[in-house]
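See structure below.
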Amino acid sequence: MAKLIISLDGGGMRGLLAVSILSHLEKQLGFDLTSGADLVGGASTGGIVAFCKALGIPTIGLENLYSGLGSLIFGGFSSTRAASVTVKENTDKLEQQMLAMFGSFSRLSKFKPTNSKLFVITSSRQVTSTGESVDLDSVHHPYTLEILANYSSTKRPDTTLSVVETIRATGALPFYLNPFIRDGKEYVDGGVLLNNTASIALEEAKQLFGDTEKLIIISIGTGYYNNNNNTNNNNSKLIEKITNNLLTNNNNNKNNNIIINLTKTFQDSLFKSHQQHLENVELFKQQNNVSYFRFDVELDRVIDIDDHDTTDIHNLKHLASLYLDNPNTKESVAQLLQVLQETNIIGRSSA
């Protein structure tokens, strides 16, 4: 029996692009992709979208959630107060909102509102009781990629984290939110190490379903810049904004360096998402049982992950609309529909 796999990139506020694409696909296919999928995975904001969709939150609800989270996470910074104070306040507010939504699920392993298996990735490292890295070279952030899932795997122990703690672990965006610390381990945003989770989704699917099952992988991005236009990465003001905020009443130079390096790594990971897609194309070609579809918006201007005002949100929705109206996108959607029909995924009950 064919298996449907959904992979959702990270990208801060640019996750609105992924939400718009997901909404459009579901309307065109007449099929709820995330609840009908066998496996859904993501990093950072993509992981949050996966959890919210599993909970049954409609697309319009997700769009409203993004607007609110944008102000909550990226707002409130000023030159008159320490950035660390704002970050703590924003982190506490996010946890309260996530508790209101997911607080009834004490363990990630118990979170199964649909039949879909769900995973997110995070970046973790061992720390002391005071939050110091066990690795003395902590400025260079010795984090490792970790998978958190609501299903068991022979490759790793089951996580003891709750749903809210898992969301904190995958979405602890450097500088904007405090890391999540639990049982001697510090977690920061999954997108720091890998923003495009499609290759992880393939590995997980093989382990769950075997090497012979037909796999349909749908990977949804949060925008990319054409390889011929390298100025967009350099034109980003993200690092400059964060550096200026850190210097406001904050003299912890070691901690500042760690945060700046983490943010640079995250930004590089975000910009590499499209290159990872191109590599995935070649990787998946070697898999006779894989049909791979990638939906992502080419950006014509610099859009940082923290651009969250009303104009920014309008621009993101407009770019998504242009992309979805493109003949090439329509052709890809038609091809996807044909594959889903041929494999009897549309209309079936999720396995």
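One-based numbering along the sequence shown.
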Practice task
Output, in order, the C-alpha distance, side-chain angles, deciding distance and verdict of side chain to side chain contact (heavy atoms under 4.5 Å, CB included) for Ile216 and Tyr292.
Solution key: CA-CA 6 Å; Ile216 297 94; Tyr292 172 62; over 6 Å; no

Problem - Audit row: Phe284, His277, ring-ring contact (aromatic ring centres under 6.0 Å, His included) steps and yes/no - result: CA-CA 10 Å; Phe284 296 161; His277 153 62; 9.2 Å; no

Exercise for the section: Go through the steps to decide whether Tyr143 and Glu186 satisfy the test side-chain hydrogen bond (donor to acceptor under 3.5 Å, both in side chains), and finish with yes or no. Expected result: CA-CA 9 Å; Tyr143 292 86; Glu186 178 185 271; 2.3 Å; yes

Handout entry: CA sep, side-chain torsions, deciding dist, call: Asp325, Lys330, salt bridge (charged side-chain N to carboxylate O under 4.0 Å, His left out)
Key = CA-CA 7 Å; Asp325 199 42; Lys330 292 181 178 180; 3.3 Å; yes

Exercise for the section: Kindly determine whether Val188 and Phe266 satisfy side chain to side chain contact (heavy atoms under 4.5 Å, CB included), including the steps that lead there. Expected result: CA-CA 10 Å; Val188 297; Phe266 176 88; over 6 Å; no

Handout entry: Leu148 vs Thr170, side chain to side chain contact (heavy atoms under 4.5 Å, CB included): CA-CA, chis, key distance, verdict
Key = CA-CA 9 Å; Leu148 305 173; Thr170 192; 5.9 Å; no

Practice task
Take Asp183 and Lys185 through the test salt bridge (charged side-chain N to carboxylate O under 4.0 Å, His left out) and record every step on the way to the result.
Solution key: CA-CA 6 Å; Asp183 297 334; Lys185 188 178 286 188; over 6 Å; no

Exercise for the section: Before giving the answer on side-chain hydrogen bond (donor to acceptor under 3.5 Å, both in side chains), spell out for Gln207 and Thr154 the whole-Å C-alpha distance, their side-chain angles and the decisive distance to 0.1 Å. Expected result: CA-CA 9 Å; Gln207 183 184 352; Thr154 58; 3.2 Å; yes

Exercise for the section: Assess whether side chain to side chain contact (heavy atoms under 4.5 Å, CB included) is satisfied between Glu279 and Lys272, documenting all intermediate values. Expected result: CA-CA 10 Å; Glu279 292 171 1; Lys272 289 176 182 176; over 6 Å; no

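Judged by distance alone, the side chain of Glu146 and the main-chain N or O of Thr122 form no donor-acceptor pair under 3.5 Å. Side chain of Thr222 to main chain of Ala18: no donor-acceptor pair is present (N/O by atom type, distance under 3.5 Å, no hydrogens or angles). When atom types are taken as modelled, the side chain of Thr166 and the backbone of Ser162 share a donor-acceptor pair closer than 3.5 angstrom. Side-chain atoms of Thr159 come within 3.5 Å of backbone N or O of Leu161 as a donor-acceptor pair. Side chain of Ser116 to main chain of Thr34: a donor-acceptor pair is present (N/O by atom type, distance under 3.5 Å, no hydrogens or angles). In terms of modelled atom types and a separation under 3.5 Å, the side chain of Ser123 and the main chain of Asp189 share a donor-acceptor contact. Side-chain atoms of Asn326 never come within 3.5 Å of backbone atoms of Leu322 as a donor-acceptor pair (strictly under, hydrogens ignored). Side-chain atoms of Ser23 do not come within 3.5 Å of backbone N or O of Val19 as any donor-acceptor pair. Arg168 places a side-chain N or O within 3.5 Å of a backbone atom of Asn178 that can act as its donor or acceptor partner. At least one donor-acceptor pair under 3.5 Å links the side chain of Glu213 to the backbone N or O of Met1.
Between the side chains of Asp158 and Ser109, not a single donor N or O lies within less than 3.5 Å of an accepting N or O. Neither side chain, Lys27 nor Thr59, offers a donor N or O lying under 3.5 Å from an acceptor on the other. Of the N and O atoms on the side chains of Tyr224 and Gln275, not one donor lies less than 3.5 Å from an acceptor on the other residue.
Under the 4.5 Å side-chain criterion, counting only non-hydrogen atoms from C-beta, Phe119 is not in contact with Asn150. The shortest distance between side-chain heavy atoms of Ile57 and Lys53 does not fall below 4.5 Å. Contact check for Asn90 versus Phe74: no side-chain heavy atoms found under the 4.5 Å cut-off. The shortest side-chain heavy-atom distance between Met13 and Ile305 does not fall under the 4.5 Å cut-off. Residues Glu165 and Phe180 have side chains in contact (heavy-atom distance under 4.5 Å, counting atoms from C-beta outward). Side-chain contact check for Ser71 versus His308: some heavy-atom pair is nearer than 4.5 Å. Using a 4.5 Å heavy-atom cutoff, the side chains of Leu316 and Val297 are not in contact. Side-chain contact between Leu17 and Tyr323 is absent, with no heavy-atom pair separated by less than 4.5 Å.
Taking the six-membered ring wherever Trp is involved, the centroid distance between the rings of Phe175 and Phe77 falls below 6.0 Å.
Taking both residues in full, the closest heavy atoms of Gly191 and Ser44 are given as N-CB, 4.3 Å, listed atom of the first, atom of the second, then distance. Taking all atoms of both residues into account, the shortest heavy-atom contact from Gln267 to Leu238 is NE2-CB, 4.0 Å. Heavy atoms only, all atoms of each residue included: Tyr66 and Gly15 are closest at OH-CA, 3.5 Å. The minimum heavy-atom distance between Ser332 and Phe295, with the atom names listed, is CB-CE2, 3.8 Å. Heavy atoms only, all atoms of each residue included: Asn195 and Ser273 are closest at ND2-OG, 3.0 Å. The minimum heavy-atom distance linking Ala149 with Arg156 is given by the pair CB-NH2, 3.8 Å.
Here the straight-line distance linking atom CD1 of Ile5 with atom NZ of Lys206 works out to 12.0 Å at 0.5 Å rounding. Atoms CG and CD, from Leu72 and Gln97 in turn, are 6.0 Å apart once rounded to the nearest 0.5 Å. Considering OH of Tyr225 and CG of Leu299, their distance stands at 5.0 Å, rounded to 0.5 Å. Atom CD1 of Ile147 is separated from atom CD1 of Ile200 by 5.0 Å, given to the nearest 0.5 angstrom. Leu202 contributes atom CG, which lies 11.5 Å from atom OG of Ser219 (distance to the nearest 0.5 angstrom). Atom NE2 of His24 is separated from atom CD1 of Ile220 by 11.0 Å, given to the nearest 0.5 angstrom.
Using cut-offs of 30° and 60° for the angle between ring planes, the Phe51 and Phe111 rings count as tilted. Using cut-offs of 30° and 60° for the angle between ring planes, the His318 and His314 rings count as parallel.
Partners of Asp312 by side chain to side chain contact (heavy atoms under 4.5 Å, CB included), not counting sequence neighbours, listed by chain and number: Asp307, Asp309. Residues meeting the side chain to side chain donor-acceptor pair (under 3.5 Å) test with Ser7, sequence neighbours left out: Thr197.
A 6.0 Å sphere centred on NZ of Lys264 holds no more than 12 heavy atoms belonging to other residues, nucleotides or ligands.
Relative to the ring axis of Phe105, Lys110 does not place its NZ or CZ within 45° and under 6.0 Å from the centre.
In this structure, Val85 is not a member of the same hydrophobic cluster as Tyr176, with clusters built from ILVMFWY side-chain heavy atoms closer than 4.5 Å.
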